[in-house]
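Comments concern the structure below.
All chains are named by letter (A, B, ...) in the order of the sequence lines, taking the proteins before the strands, and each is independently numbered beginning at 1. Only this structure's heavy atoms are used, side chains among them; waters, hydrogens and symmetry mates stay out.
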Amino acid sequence: MRLSRYFLPILREDPKEAEIISHRLMLRTGMIRQEAAGSYSWLPLGFRVLKKIEQIVREEQDRAGALEVLMPTLQSAELWRKSGRYEAYGKEMLRFKDRHDREMLYGPTNEEMITDIFRQGVKSYRDMPRNLYHIQWKFRDEVRPRFGVMRGREFLMKDAYSFDISAEAGRHSYNKMFVSYLRTFARMGLKAIPMRAETGPIGGDLSHEFLILAKTGESGVYFDRDFYDMDWSAFAIDYDDVQAISKVVTDFTNKYAATEDKHDEREFGRLVPEGRRLSGRGIEVGHIFFFGTKYSKPLGCYVQGPGGQQIAVESGSYGIGVSRLVGAIIEASHDEAGIIWPEPVAPYRVGLINLKPGDGDTDRACEKLYKSFRAKKIEVLYDDTDERPGAKFTVMDLVGLPWQVIMGPRGLKEGAAEVKRRATGERQSVPLDKIFDFFTSSGASA
RNA sequence: CGGAGCGUAGCGCAGCCCGGUAGCGCACUACUCUGGGGGGGUAGGGGUCGCGGGUUCGAAUCCCGCCGCUCCGACCA
């Protein structure tokens, strides 16, 4: 993409409402625009990142055997009455009436609807287990939206729902999601620590939150330093291998990690040696629950077992805050100059900078580079504008693309471009005919 | 929902106390000097002063009501 044809409304000054860094940077780089309290439009740059995160989530859900569906944002009150949550959910649920005076709501979550879908489609234990998920906009009328997309009222969430014939089988479904979450966050360059959690209005007794550490996190967290030394990448595990999956979960849950609501100072002291006790702030990016028959029973979701008996389905639900992750990643990865995108979620991999737009030779050289990048499927944002002649600040640093290829008359004379790595600031001169080797070899991998 | 505060150009703000019909910086447009990183010069464009009512000869400014937004606490992907 050429910057001269892009929609990138950069702000030179910090909008006053943005208190935390991710919100500031998202507004300043023109990723989002606020429409109302806790409600944002996603502009081209931000939307690309959102889509990348969504795609990673999707791939890992699919890998774990979940099946993607899409349920509507609007639901009727009827099902929620059956589960008893229509009254229980409170003012967070946005309610309204349609033209026929039917009570409707904008879905804050989908346990009722998916349970009804499953109930209608599956009658036999032979069709179990199943896990259905969708990635859809939710609305929760938060008392106090804040922190940009981190606590919006309208947000994009991946929610998966598992259906099993027994609690034991359900436990494996839960474990699969647990492991897939570790993989999902790791692919985005995040270490999301699973912590024992409150179950809140979803209900159930088995639940973990996944939190990433950030100074601006909303929850206090206490955990064992050992988490840092664990292998966060090697989860090439067969999801049907019940033992192996269970072992990963055990490894990640038998170390102490708790949010402040669940924190027990005495246990912390007993289980974790002093030198390994860490505390800080965390951002919740995922939350998984196993709630058994809490919804299947009131909603009449039963299947026939091998002996012909009716069995209430055992379920769990598994959420990832997709839009929140955009902010969370920035919280975890930025410096004074701006965002530092981890490669897998970066809106573009390379920023190509023409230092002297209008100069024929330089223009031609940059143009050639730009076209070659595109031909090689390397995502590139080409700054071909003539907006900031004497600038000390760079849009590219602010926007935080992993790599910058800087090209000017001097480089042209030397037959080389300067390649800058955003994360470290390290620069090197790369001969023009070696540029693509550079970006396809391991030298330029994340 | 309790407490605090703010709505004036795209963004950041001044003007309001002491009423006289709107200003600054950045951004934007044109020309120009520039050019290894928020640069300089000249000339410009852009505002229902959140909305409604009231007081007044006259309201951004005073009074009443409403709406929106932000921050601090209790709740949450």
Could you tell me whether [X] contacts a base, only the sugar-phosphate backbone, or nothing, with contacts defined as non-hydrogen atoms closer than 4.0 Å?
X        : answer
A:Asp14  : sugar-phosphate
A:Leu156 : nothing
A:Gly90  : nothing
A:Val322 : nothing
A:Ala18  : nothing
A:Gly358 : nothing
A:Gly319 : nothing
A:Leu27  : nothing
A:Glu284 : sugar-phosphate

Taking the nucleotide of RNA chain B with the closest heavy atom to each, which residue, A:Phe147 or A:Lys91, is nearer the 5' end?
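Its nearest nucleotide lies further toward 5', so the answer is A:Lys91.
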Identify, between A:Glu154 and A:Met407, the residue whose nearest nucleotide on RNA chain B lies closer to the 5' end.
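Its nucleotide being nearer the 5' end, the pick is A:Met407.
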For [N], which nucleotide in any strand shown is its Watson-Crick or wobble partner with both distances under 3.5 Å?
N     : answer
B:C62 : B:G54
B:A30 : B:U42
B:G7  : B:C67
B:C24 : B:G12
B:G36 : none
B:G73 : B:C1

Is there a donor-acceptor contact under 3.5 Å linking the side chains of [X] and [Y]?
X        : Y        : result
A:His287 : A:Ser207 : yes
A:Tyr161 : A:Arg130 : no
A:Gln136 : A:Asp159 : no
A:Asn354 : A:Asp363 : yes

I need the minimum non-hydrogen distance between A:Met113 and A:Leu74, along with the two atoms involved.
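Looking at all heavy atoms of both residues, the closest pair is CE-O, 4.1 Å.
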Any salt bridge linking A:Glu60 with A:Arg187? Criterion: basic side-chain nitrogen under 4.0 Å from a carboxylate oxygen.
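Looking at A:Arg187 together with A:Glu60, the answer is yes, because their closest N to O distance falls below 4.0 Å.
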In a check of ring-ring contact (aromatic ring centres under 6.0 Å, His included) between A:Tyr181 and each of A:Phe210, A:Phe252, A:Tyr318, which one passes?
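Result for ring-ring contact (aromatic ring centres under 6.0 Å, His included) with A:Tyr181: A:Phe210.
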Rounded interatomic separation in angstrom, taking [atom1] from [X] and [atom2] from [N]:
X        : N     : atom1 : atom2 : value
A:Glu260 : B:G73 : CD    : C1'   : 13 Å
A:Asp383 : B:G35 : CG    : C1'   : 14 Å
A:Glu19  : B:G73 : CD    : P     : 11 Å
A:Ile329 : B:A77 : CD1   : C1'   : 14 Å
A:Arg28  : B:C26 : CZ    : P     : 16 Å
A:Leu412 : B:G36 : CG    : P     : 16 Å
A:His23  : B:C71 : NE2   : C1'   : 13 Å
A:Ile320 : B:A77 : CD1   : P     : 13 Å

Centres of the A:Tyr222 and A:His263 rings: under 6.0 Å?
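Yes, close enough.
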is_close_aromatic(A:Phe373, A:Phe436), centroid dist under 6.0 Å:
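Yes, the ring centres sit under 6.0 Å apart.
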On a whole-Å scale, what distance lies between the [atom1] atoms belonging to [N] and [M]?
N     : M     : atom1 : result
B:A22 : B:A4  : P     : 36 Å
B:C62 : B:A43 : C1'   : 40 Å
B:A59 : B:C17 : C1'   : 15 Å
B:C26 : B:C67 : C1'   : 30 Å
B:C16 : B:U34 : P     : 45 Å
B:C28 : B:G45 : C1'   : 8 Å
B:C6  : B:C33 : C1'   : 43 Å
B:G19 : B:U61 : P     : 12 Å

For the side chain of [X], starting at C-beta, report the closest nucleotide among [options].
X        : options             : value
A:Glu92  : B:C26, B:G36, B:C75 : B:C75
A:Lys16  : B:C6, B:U70, B:C11  : B:C6
A:Leu11  : B:U70, B:C1, B:C11  : B:C11
A:Phe155 : B:A77, B:C69, B:C11 : B:A77
A:Pro357 : B:C69, B:G35, B:G36 : B:G35
A:Val143 : B:C1, B:G36, B:C69  : B:C1
A:Phe289 : B:G35, B:C26, B:A77 : B:A77
A:Glu13  : B:C75, B:G25, B:C6  : B:G25
A:Arg146 : B:A77, B:G73, B:C11 : B:G73

B:A77 OP1/OP2 closer than 4.0 Å to side-chain N/O of A:Lys158
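Negative; the distance criterion is not met.
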Does OP1 or OP2 of B:G68 have a side-chain N or O of A:Gln34 closer than 4.0 Å?
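No, outside the criterion.
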